[in-house]
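The structure under discussion appears below in the form of structure tokens.
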There are 2 protein chains.
Amino acid sequence: MYPGLLHELHKRVTLSPGQEAAILSHFTPKKLKKRQFLHQEGDIIQRMSFVEKGALYSYSTDAHGAQHVVQFGFEGWWIGDLYSFFTQKPSRLNVEVLESCEVLTLSLESHELLLKTIPPYETYMRILYQNAYVALLSRIENSLGLSAEEIYSRFLEQYPFIFSRVPLHLIASYMGITPVTLSRIRRQVAS
Amino acid sequence: MYPGLLHELHKRVTLSPGQEAAILSHFTPKKLKKRQFLHQEGDIIQRMSFVEKGALYSYSTDAHGAQHVVQFGFEGWWIGDLYSFFTQKPSRLNVEVLESCEVLTLSLESHELLLKTIPPYETYMRILYQNAYVALLSRIENSLGLSAEEIYSRFLEQYPFIFSRVPLHLIASYMGITPVTLSRIRRQVAS
DNA sequence: ATTTTTCCTTATCATTTGTTAAGGTTTTTT
DNA sequence: AAAAAACCTTAACAAATGATAAGGAAAAAT
């Protein structure tokens, strides 16, 4: 049951069988089909979501009405808008399904209860955020001073599997460039 | 003693006097003068640093030899290279003093000991990383699809105090634009 | 106080990236 | 199977940003 989530927890902390069962009991599975929305702009996010299977992506809409991909979510990743979840303010993100999904969701109340009652759960969360923060900072650092072409090449090295599962125009948006520019770059890199 | 650090801890968690003393006992103060380096590229970061007083900034050097500002650090902020600190791999960052500083430093061993023995310390760290992660993601989200001019205007609103303490060319570097472009923008915004 | 260094702005020209539009695949829907 | 929608590439032109260089103001060093 929930092999992805269990694997993710055990990667980082040691849990007794009782603790493991207590944690899992708070998660609710949810199935989603392609093009469905997990969250929409304006929602106050009630539950955080772990991707057991499938793929999703989140995007925001800027002041000019243009959309920008913020994050992808594949098996073993958390997805959603933590800002809205923790502050209980309206989300600015939409989270849409790319490939039919099974996600495991957890309410804020459950999250807070688990933090209080299961110390390894708090440790897991600290490590999760610590790693996420460091990874995000590296993402920013590594893109500093790089041309769009260099950003593309690195992205290709780091996440080769994404290219077979995500349309190029979403990758372009994630990279902060237009699909036209990405197309130009791909032609140069290929030759 | 260490009023900045105490204020920062108490903002987020409740500590008994004993716990407070135990935490503080692991920090070592360090004074730094303008232009000194707290860390340099290639160092393996041994201690994380809390800024009690003063200002610093960190920058990396890219493959073309150009420098890029990654982060500023003022009173009440943590500064350094968490990637190197946690992984004990060489840092790619330089951390240089802008205004003479007093920083409080903590070794990895102390950090791990405090995590294990003082639960509110772990809670503090989880909240710190959670907030840092959400803030960093917002920084990325908010800059998506914005022109350099819009990025500048928002930066001006969010951190007005930085402009009186940091040279413009470092701010330009942090924003990912050249000083020349920042100058052009400032002329437009002013008129 | 003088000299040196750092910092900011401006101008010019080159390069990169964005915008718009069109055409052809591929994928999805009916 | 046919129609519709989504996706990717290319071209031509426009706009934004970078690179280089020069001059002057401000700050730091002597």
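Reckoned from all heavy atoms, side chains included, excluding hydrogens, waters and symmetry mates. The chains referred to below are lettered A, B, ... by the order of the sequence lines, with proteins before strands, and numbering in each begins at 1.
Between Phe161(A) and Phe74(A), the angle of the ring planes goes over 60°, which puts this pair in the perpendicular group of the 30/60° scheme. By the 30° and 60° cut-offs, the orientation of the rings of Tyr129(B) relative to Tyr133(A) is tilted. Ring orientation note: the planes of Tyr174(A) and Phe155(A) are tilted relative to one another, at an angle of 30° to 60°.
Remark: Glu141(B) does not engage Arg154(B) in a salt bridge, criterion side-chain N to carboxylate O under 4.0 Å.
Rounded to a whole Å, the NZ atom of Lys34(A) is 12 Å from the C1' atom of dT29(C). When the C1' atom of dT16(C) is taken as reference, atom CD of Glu150(A) falls 13 Å away, rounded to whole Å. Atom CD in Gln188(A) sits roughly 9 Å away from atom P in dT17(C) (whole-Å rounding). Atom CD in Glu149(A) sits roughly 14 Å away from atom P in dG18(C) (whole-Å rounding). Between the CD atom of Gln67(B) and the P atom of dC7(C) there is a distance of 11 Å, rounded to whole Å.
Listed pair Ser183(B) / dT9(C) meets the phosphate criterion, a side-chain N or O lying under 4.0 Å from OP1 or OP2. Put simply, Arg187(B) has a side-chain N or O that comes within less than 4.0 Å of OP1 or OP2 on dA11(C). Note on Arg184(B): every side-chain N or O is 4.0 Å or more away from OP1 and OP2 of dT9(C).
Aromatic ring centres of Tyr59(A) and Tyr57(A): separated by under 6.0 Å. Taking the six-membered ring wherever Trp is involved, the centroid distance between the rings of His111(A) and Phe86(A) falls below 6.0 Å.
Residues from residues 161-178 of chain A lying near DNA chain C, meaning a heavy-atom separation below 4.0 Å, are Gly176(A), Ile177(A), Thr178(A) in numerical order.
For DNA chain D, the contact window with chain B, defined by any atom under 4.0 Å from a protein heavy atom, covers dT17(D) to dA28(D) in 5' to 3' order.
Counted by atom type alone, Arg47(A) and Thr28(A) present one or more donor-acceptor pairs between their side chains at under 3.5 Å.
With the nearest nucleotide of DNA chain C identified for both Val180(A) and Leu146(A), Leu146(A) has the one nearer the 5' end.
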*Stepwise, does the side-chain hydrogen bond (donor to acceptor under 3.5 Å, both in side chains) test hold for Arg186(B) with Tyr152(B)?*
CA-CA 8 Å; Arg186(B) 283 162 56 81; Tyr152(B) 172 75; 3.1 Å; yes
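Here Lys33(A) pairs with nothing under the salt bridge (charged side-chain N to carboxylate O under 4.0 Å, His left out) rule; sequence neighbours left out.
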